[in-house]
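Remember, it's 1-based here, ligands and their atoms both numbered in the order they're listed. Atoms considered below: every heavy atom in the structure, side chains included; atoms not considered: hydrogens, waters and symmetry mates.
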Amino acid sequence: MPNAHTISGLATRHLLSIADLHRPDIDSLLALGETYLDLSVQKDARNDILAGKTLINLFFENSTRTEKSFELAARRLGADVINMSMSTSSAAKGETLLDTATTLNAMNPDLLVIRHGASGAPALLSQKVSCAVINAGDGAHEHPTQALLDALTLRTRLGAIDGLRIAICGDILHSRVARSNVQLLNILGAEVRLIGPPTLIPQDADQWGVEVFHDMKSGLKACDVVMMLRLQLERMGGAFVPSKREYFHFYGLDQKKLDYAAPGALVMHPGPMNRGVEISSDIADDPDISLITAQVEAGVAMRMAILHALSLGGVNG
Ligand code: ASP
């Protein structure tokens with residue numbers, strides 16, 4: 001079990017955005033994530049740090065990886081877990097988010113994990129409940145725990161993130177993963193590039209501290225890591241790309257395009273993947289190149305670290 005004396009509470013009570021975290025918080029979260037990852041490899045990660053505490057998973061959007069990984073992480077720390085499937089709950093009957101918050105608050109949870117289609121929903125909820133709130137993805141806004149687990153994956157595989165050249169490619173416009181990763185990777189000293197068609201790059205991206213490219217050949221040049229994103233068709237109100245086939249031709253990652261990157265470049269994808277749309281199967285499934293399974297593994301360990309650290313209480317309330 002990690003030594004409780006070496007872990008201090010975070011400066012924040014909630015995890016709504018990467019901006020909630022100061023560098024020392026990030027470093028200690030990643031160090032704790034590494035400890036839990038090592039312990040889970042030894043099948044020894046279980047402890048009772050959250051015994052007697054309750055975590056509610058409140059997912060208004062579907063999720064496979066994230067919901068299950070929070071559940072597993074919480075159970076491994078001894079917490080009770082309630083999964084609320086919001087498509088079949090009173091929210092589907094018209095209850096507002098704030099009514100839901102009042103109801104949940106009356107159940108006295110200690111941790112509330114929320115995914116919602118609207119940007120800012122977790123922040124709103126955090127003002128109405130008395131427990132710690134964790135953003136598990138809000139619209140196209142942020143997905144901070146994904147960025148942290150990606151950083152843990154990179155640290156585990158490559159040691160340091162400082163100085164890496166990392167390309168985030170594809171549907172940046174609709175991606176909360178991209179927004180959280182850009183912030184975190186910049187803090188950790190990586191050189192971040194965004195690559196995508198002009199229709200899928202946000203207009204203000206040049207103010208994000210990144211370099212923007214519209215073609216894979218120049219964008220991937222000398223990149224150490226290539227992070228592919230899903231084409232988020234469910235968030236597109238109109239036609240952002242001519243066709244999936246054409247999109248793959250220009251922006252889908254295959255061996256030919258990966259050869260533009262640095263020799264030995266590694267590939268990431270937050271999942272779920274659209275094979276043959278943003279990534280080819282031979283790249284996604286190649287264990288020497290792809291970190292995709294490692295990301296899922298790191299997800300449970302990183303979320304254990306986040307739950308553990310948040311349970312210690314925010315230093316600044
Ligand atoms: N699973 C990630 C998210 O929830 C990425 C995606 O859905 O494409 O944002």
Arg115 to Phe59 six-membered ring, cation-pi geometry met (6.0 Å, 45°): no
Asp285 with Arg275: basic N within carboxylate O range, under 4.0 Å: yes
Thr153 and Gln295 side chains, donor-acceptor separation under 3.5 Å: no
Parallel, tilted or perpendicular: rings of Phe60 and His116 (30°, 60°): tilted
Glu191 and Arg165 ion-paired at < 4.0 Å: yes
Please tabulate, one line per pair, the protein nitrogen or oxygen atoms found under 3.5 angstrom from a nitrogen or oxygen of ligand 1, with distances to 0.1 Å, or say none if there are no such pairs.
unit_1   : atom_1 : unit_2 : atom_2 : d
ligand 1 : 1 (N)  : Gly271 : O      : 2.9
ligand 1 : 4 (O)  : Arg115 : NH2    : 3.2
ligand 1 : 4 (O)  : Arg176 : NE     : 3.3
ligand 1 : 4 (O)  : Arg176 : NH2    : 2.8
ligand 1 : 7 (O)  : Arg230 : NE     : 3.4
ligand 1 : 7 (O)  : Arg230 : NH2    : 3.0
ligand 1 : 8 (O)  : Arg230 : NE     : 2.7
ligand 1 : 8 (O)  : Arg230 : NH2    : 3.4
ligand 1 : 8 (O)  : Gln232 : NE2    : 3.3
ligand 1 : 9 (O)  : Arg176 : NE     : 2.8

Minimum heavy-atom distance Ser69-Arg303, with the two atoms named: OG-NH1, 2.7 Å
